[in-house]
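A short worksheet on the structure shown next.
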Amino acid sequence: MSEKKLVTDSGIEIRRLYTESDLIPISGTQSKPELPGKFPYTRGVQADMYRGKLWTMRQYAGFSTAEESNKRYHYLLSQGVMGLSVAFDLPTQIGYDSDHALSEGEVGKVGVAIDSLEDMELLFKGITLEQVSTSMTINATGFILLAFYVALAKKQGADLKKITGTIQNDILKEYAARGTYIYPPKPSMRIITDIFEWCSKELPKWNTISISGYHIREAGSTAVQEIAFTLSNGKAYVQAALAKGMDINVFGKRLSFFFNAHNNLFEEVAKFRAARRMWANIMKDLGATDEKALMLRFHTQTGGATLTAQQPLNNICRVTVQTLAAVLGGTQSLHTNGYDEALSLPTEEAARIALRTQQIIAFESGAPDTVDPLAGSYFVESLTNEVEQKAWELVEKIDVMGGSVSAIEAGFMQDEIAKSAYAYQRDIENGEKIIVGVNKFTIDKEAPIPGFKIDDNIRIIQTEKLNRLKAKRDKQKAESCLQEISLAAKDGRNLMPLVIEAVEHHCTLGEIADILRKLFGEYK
């Protein structure tokens, strides 16, 4: 009887045995042994990796009002979190204030509602921005949220040169996979390069973009597609900044990436290693010479789409495997999902267990004790090469189309992701792919898991806050600031200083987004 063929989630065949003869370097990779902290960084961006400093343990949180989310942030900081990661509600993500008709039913549901600088002050009450690194998962309105954060830092008397954190600010993957866009691709790219330019001078330690493969994977891509599409998007952002006359060795140091960690342990490790090597070569080809501009630094989140509503406690084990993949793959920062997130936002208990998972791997497993512990494994090295080779094939296809923007406009990325998602779901339904507790090892009756509930009155609370804010602000000054943003959008001036001034005079997120909606239009 012939042996069953085994493949990774990307369709790469897994051989029964790997030997030295399988370690054939692909074109463009080094044949001599690679070292961590040295080009092309396959083995990690730091020479000593976690022996010098552990990855940043972030927990993604945000729900309801700024006051409620602030309580969760203080709790997480007390439990050992090293950096905050903010989730925003849907209206905030697509540029509507909480009192807008289209916000009904969504305020505070999948993240925190932030309409104004006052909300941002409440969100970080009792937290000194100079002392904490903050990541914000926000894209279309990323420039406005960054303006709120900068305005708050200034109010706290912070030195902007010391402020650290990341803004996701990756609009291309929104068109390809997630859907929270406002403006068409070209004006969106202009806003992003404005952020690059302004931060390079005023906020030098801030990561100006987190180029995200996470949502591409959540939409159903394979591991290979995740890195190919993400690195192609990264290339498009770099080319847009170069076209604006910016120095790749300056803005290139502040680019970061955001990847997903799935269940296939070895493929995920290979994916992270291959992505570093590919990005180093992409940046070198685009003219970068500074070591830090060649390094792919990334945040990881465990796979939300892998969490099951059936037997949710099994998700603790899944998240542990995914955490290990991220650590063995050399992540710089990590968020672990709560076991109950297929049912609701995480409860405090689930968030604590998720954080403890990282802490147990950090302090008890021995995984961080040596750099790139899986290096030299015939299987992992061979898989790293195969993942890279397949990813390059996709990158080259996108290049032929004219780059990411053209590939997205032609629907190429969307179609490829949809095909992979369909194939994966088909394999689950026909039993080819086993998901424990879903299509095998099921149980008849499950004990209910207490979910996290959001108060439906949040929109009323936020609307009252907005009414009070608008009643007390200098209306004429606010209108003048909005008009200035409109003029700058037309004449090509950098938008960031004007948006910061507008939020300082209590213009709201929705008002700023709307001014540009009138000018740029909306992407359909």
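We count residues from 1, following the sequence as given. Below, each value reflects all heavy atoms present in this structure, side chains not excepted, and no hydrogens, waters or symmetry copies.
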Quick one: ring pair (Phe, Tyr, Trp, His ring centres under 6.0 Å) pairs with a partner in residues 486-516, sequence neighbours left out?
none

Criterion salt bridge (charged side-chain N to carboxylate O under 4.0 Å, His left out) on Lys397 and Glu416, from CA distance to verdict
CA-CA 12 Å; Lys397 271 190 190 176; Glu416 291 295 301; 5.6 Å; no

Of Val150, Ile191, Leu203, Ile195, which is the lone residue that meets side-chain contact (heavy atoms from CB on, under 4.5 Å) with Met496?
Ile195

Nearest heavy-atom neighbours spanning Thr193 and Ala241
CG2-N, 3.8 Å

Mind checking what makes ring pair (Phe, Tyr, Trp, His ring centres under 6.0 Å) contact with His100, not counting sequence neighbours?
Tyr96

Test of understanding: with ring pair (Phe, Tyr, Trp, His ring centres under 6.0 Å), list the residues that count as partners of Trp55, not counting sequence neighbours.
Tyr50

Would you mind checking if Lys161 and Asp159 are paired as a salt bridge, meaning a charged N to carboxylate O distance below 4.0 Å?
no

Phe298: which residues meet the ring pair (Phe, Tyr, Trp, His ring centres under 6.0 Å) condition with it, sequence neighbours left out?
Phe259, Phe272

Residue pairs passing the ring pair (Phe, Tyr, Trp, His ring centres under 6.0 Å) test where at least one lies in residues 104-143, sequence neighbours excluded:
Phe124-Tyr149

If you count heavy atoms of other groups shown closer than 6.0 angstrom to CD of Glu409, is the number above 12?
yes

Before accepting this row, confirm whether a basic side-chain N of the pair Arg426/Glu429 lies closer than 4.0 Å to the acidic partner's carboxylate O.
no

By ring pair (Phe, Tyr, Trp, His ring centres under 6.0 Å) - contacts of Phe258 (at least two apart)
Tyr214, His215, His299

For Lys472, side-chain hydrogen bond (donor to acceptor under 3.5 Å, both in side chains) partners two or more places apart:
Glu118

Where at least one partner belongs to residues 181-190, residue pairs that pass side chain to side chain donor-acceptor pair (under 3.5 Å), sequence neighbours excluded:
Tyr175-Ser188, Arg190-Asp194

Could you tell me which residues satisfy side-chain hydrogen bond (donor to acceptor under 3.5 Å, both in side chains) with Thr65, sequence neighbours excluded, listed by chain and number?
Glu67

So among Lys155, Lys477, Arg473, Lys154, which one has a salt bridge (charged side-chain N to carboxylate O under 4.0 Å, His left out) with Glu504?
Lys154

Got a sec, which residues hit side-chain contact (heavy atoms from CB on, under 4.5 Å) with Ala391, two or more places apart in sequence or on another chain?
Val224, Ile227, Ala228, Met278

Kindly check if the number of other-residue, nucleotide or ligand heavy atoms within 6.0 Å of NZ (Lys244) is above 12?
yes

Run the side-chain hydrogen bond (donor to acceptor under 3.5 Å, both in side chains) test against Asn139 and tell me which residues pass, sequence neighbours left out.
Gln168, Lys173, Glu174

Basic-acidic side-chain contact under 4.0 Å: Asp119, Lys465:
yes

So Lys109 and Glu106, salt bridge (charged side-chain N to carboxylate O under 4.0 Å, His left out) or not? Walk me through it.
CA-CA 5 Å; Lys109 288 291 169 72; Glu106 293 294 343; over 6 Å; no

Sorted by chain and residue number, the side-chain hydrogen bond (donor to acceptor under 3.5 Å, both in side chains) partners of Lys433 (sequence neighbours excluded) come out as Asp9

